[in-house]
Each structure stands twice: as structure tokens, then as C-alpha cells.
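One structure below.
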Amino acid sequence: MHLSLVVPCYNEVENVAAFQEAVISAFQGCGYGYEIVFVDDGSSDGTLQELHRLYSAQACPVSVVSFSRNFGKESGLYAGLEHARGDYISLIDADLQQRPELVRQMVEILDTQPEYDIVAAYQDKRGDGKVLTFFKEGFYRTINRLSSVKLRPDASDFRTFRRKVADSILSLPEYHRFSKGIFAWVGYNTCFIPYTACERAAGTTKWSFKKLFRYAIDGIIGFSTAPLRLATYTGLLAAVASLVYLVIVVLQKLIRGIDVPGYATIIVLILFLGGLQLFCLGLIGEYVGKIFEQSKQRPVYLAKEVLLHEDNAPPESSAGQ
Ligand code: UDP
Ligand code: MG
């Protein structure tokens, strides 16, 4: 098998068949074998039945992994990578925002340019609103400053890579998977090519602002410990400021004879320092929470069913780590 397309699907009943057709027409006459590994991420809208239909028809080699509930796109990608058997592996969404024709071009680049191990698509035009763009830029600036991995702001998960890259990604056992960070962390020579995201074929995006915000925080916490240092620095700053204030108070007493400082000052300082302490505690709590979850060693996903097409040998285990 030359190429595996890993496709996470969550409530994409109207898109999966159209996606497969688009793949078949894009790869007509390509001269190599390819498979589609659909991962049903606990959909509630009949996506799984539709995938069963595509699996039975086998219009092209199709495998289906279905989760016992919704585990999120990151877990879907992980499961797909585990079950993909191609020499090249491509991550692509089911909603046809990312065109399979571009995957064919990515494969050509990998075939003809051995110096590259990954071909990643970046969005040359983003259709996000002003507010979202502001937050996204802020996120990339923050994570690139705080973390040793450097993320390209416009790069997406839409990419094709060699098997060794897939093996490297699978070798990272973390429970909280932040793909953008993981891709940057594993390294390898990456060729970036531009693409314009099309409109969603059907359905709506699964990302609310709240989900994106949580994802951004998880990304920063997963790839940097710099926020923990914040407590040390602000603590030091507060200590120095209090010493300076002490000197001022003593001088005021000696020179002008004032010895009862303002009530307002005390209240403001108590509230400010109390707030700061709670903020730092919360920050530490975020990290402790992550350690707690990782220490339970729960699998990244649970599969209730794995249907593999004939050329795809059964894997050793149906659950991630
Ligand atoms: N997806 C998933 N699990 C989720 C959310 C999304 O597998 O919990 C899939 C979804 O079906 C799609 C891809 O991830 O194939 C990208 O999702 P979406 O199109 O909603 O994101 P956007 O393109 O808006 O960033
Ligand atoms: Mg989409």
C-alpha cells in the first residue's frame, strides 16, 4: 500500500460518501495503491452506518475504526495512524474543505524529493473573523515565545508524511495530544505548500470558541513549563515592591510623622496579592491535573469496532495507550 488517508469523522453523515468519491476521482490513474482509514469519533448522526456501507462496498480499500464515544479529533488521528498501513500517510478532514487532489500533489513531492519527509499544507487565506484572528495570533505569539517548539501560525493538520514520521508520532505516549506541537516536536524536513480551504461540503464546524480556547490552553501547557516560572517572578517582584514600600513608610514616619498608612492601600494590596496567589495556584493546578490524567494511563481512545479491508493486516491491539 503506497498511501493511507486518515480521516477523522464526527457527525459527517452527509460528507463521507462524497469524500470517498472525491478521493477516487482525484487518484484515478495514479498508478499506486491507496486506502482510506475512516475513524468514526462517536458520531450520533448515522455516520457509522454510512461508513459500514462504504466498507461493504469497498469501492476503494476502506477501513473503519469506530470509537465507543466522542474522544476528539486528536484521538481520531492517533487511531487512524495506528491502523494505517501505507508507506505514506495523509491526514485530511472529511468535510472536503481540504481537497484530495492536493494529497496527490503531496505524494508527488515526497516521491520526487527525498530530502523531504513531510509535506504540510498551510492556509494562504484564512476566512476567520477579526476577533478569532486576534486570538489565534495571540496564541501563536505566546506559545512560540514560551515553548522551545516553534509553530508555524498558518500550518494545518492537513499533511502527508513518510511512515517513519508516523511511527515517531505514535511513539509519543502523551494522553493530551496537541498535533501542531507534536508535529513541530518530532521535527523532520517539512515542505510547506499553500492551499485555500474550501467551504464545508455539508454540516457545521465542530469547533466552538470555548473549545478552541481550551485547546489553546492545553497546547501551551502541553509544550511549555514557562507559566510555572511566572509565580516565581511575580513573587520576587512583589517582595521587592514591598521592601521599597517599607522604606517609604519609614521615611514618612521619620520626616513627616505620619504613621497610619491608608486603609485603601491595605485593602488593595490584600486583594491584589490574594488574587495573584489564587491565579498561580490555578496555574499549578492545570499542570497537576495533566499529571494526574497522564498518571492514570488511560488509553487515548476506545474502539468498539475495527473493520479492516483485506490488504490491511490486523494490528496487535485495537486500543491506544
Ligand atoms: N472531528 C472529529 N472529532 C471531533 C471534532 C471534529 O473527528 O470531536 C473531525 C471532523 O469530522 C472533521 C475534522 O475533524 O473531519 C475537522 O473538524 P471541523 O471541520 O469541524 O473543523 P474546522 O475545519 O472547522 O477547523
Ligand atoms: Mg472543517
Side-chain angles (χ1 to χ4, degrees), residues 71-75 78 128-153 155 157 172-187 207-253 259-300 321:
F71 280 88
K73 180 180 174 185
E74 298 288 338
S75 305
Y78 184 86
D128 299 331
K130 280 209 176 86
V131 179
L132 200 56
T133 309
F134 171 79
F135 277 102
K136 282 190 175 171
E137 280 174 4
F139 164 71
Y140 283 108
R141 228 176 300 125
T142 313
I143 196 163
N144 281 338
R145 191 169 300 163
L146 296 184
S147 166
S148 55
V149 296
K150 297 290 168 250
L151 306 189
R152 200 188 148 115
D157 291 346
L172 299 191
E174 52 223 76
Y175 178 75
H176 293 278
R177 305 190 74 81
F178 177 67
S179 285
K180 288 178 198 297
I182 289 177
F183 290 133
W185 192 89
V186 296
W207 292 94
S208 59
F209 183 77
K210 197 172 145 206
K211 256 182 149 179
L212 271 179
F213 193 74
R214 190 65 243 173
Y215 185 65
I217 300 280
D218 280 351
I220 292 174
I221 289 193
F223 281 86
S224 169
T225 50
L228 285 175
R229 244 167 283 141
L230 195 74
T232 320
Y233 294 142
T234 38
L236 270 177
L237 204 71
V240 171
S242 72
L243 278 181
V244 172
Y245 191 58
L246 176 76
V247 173
I248 294 173
V249 171
V250 169
L251 286 181
Q252 273 182 337
K253 165 80 180 150
D259 59 359
V260 187
Y263 170 75
T265 320
I266 296 175
I267 293 294
V268 167
L269 279 180
I270 289 177
L271 286 180
F272 176 69
L273 288 179
L276 208 62
Q277 282 167 352
L278 283 180
F279 172 74
C280 291
L281 261 183
L283 205 62
I284 296 168
E286 287 280 340
Y287 284 90
V288 174
K290 295 278 180 287
I291 299 169
F292 172 62
E293 280 166 13
Q294 183 78 40
S295 72
K296 285 190 280 191
Q297 300 206 338
R298 292 204 175 144
V300 173
Q321 13 175 310

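Every heavy atom of this structure was used, including side-chain atoms; hydrogens, water molecules and symmetry mates were not. Note that the numbering runs from 1 along the sequence shown for the chain.
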Which atom pair, heavy atoms only, marks the closest approach of Tyr175 to Arg298?
CD1-O, 3.6 Å
If you take all heavy atoms of Thr234 and Cys280, which pair is closest and at what distance?
OG1-SG, 4.4 Å
Is a donor on one side and an acceptor on the other found under 3.5 Å between the side chain of Glu174 and the backbone of Gln294?
no
Apply side chain to side chain contact (heavy atoms under 4.5 Å, CB included) to the pair Phe178 and His176, showing each step before the final yes or no.
CA-CA 6 Å; Phe178 177 67; His176 293 278; over 6 Å; no
Does atom NZ of Lys296 have more than 12 heavy-atom neighbours, drawn from other residues, nucleotides or ligands, at distances under 6.0 Å?
yes
For Val300 and Arg177 the tightest heavy-atom approach is CG1-CD, 4.0 Å
salt_bridge(Lys130, Glu137) N-O dist < 4.0 Å
no
Going from CZ on Phe272 to CD on Gln277, what distance comes out if it is rounded to the nearest 0.5 angstrom?
10.5 Å
Minimum heavy-atom distance between Lys150 and Ala184, given as atom pair plus value
O-CB, 3.7 Å
Under 6.0 Å between the ring centres of Tyr78 and Phe71?
no
For Tyr287 and Ile221, the nearest pair of non-hydrogen atoms, with its separation, is CE2-O, 3.5 Å
If you round to the nearest 0.5 Å, how far is CG of Leu251 from CG of Leu246?
9.5 Å
Could you tell me the separation between the CG atom of Asn144 and the CD1 atom of Ile220, rounded to the nearest 0.5 Å?
10.0 Å
What is the distance from atom CZ of Phe213 to atom OG of Ser208, rounded to the nearest 0.5 Å?
12.0 Å
Atom OH of Tyr233: over 12 foreign heavy atoms under 6.0 Å
no
Roughly how far, to the nearest 0.5 Å, is the CH2 atom of Trp207 from the CZ atom of Arg214?
12.0 Å
Side-chain contact test, heavy atoms from C-beta onward, threshold under 4.5 Å: evaluate it for Asp157 versus Lys73 and give yes or no.
yes
Of Asp218, Val149, Leu151, the residue whose pairing with Phe223 passes side chain to side chain contact (heavy atoms under 4.5 Å, CB included)
Val149
CG (Leu212) and CZ (Phe135) are apart, to the nearest 0.5 Å, by 11.0 Å
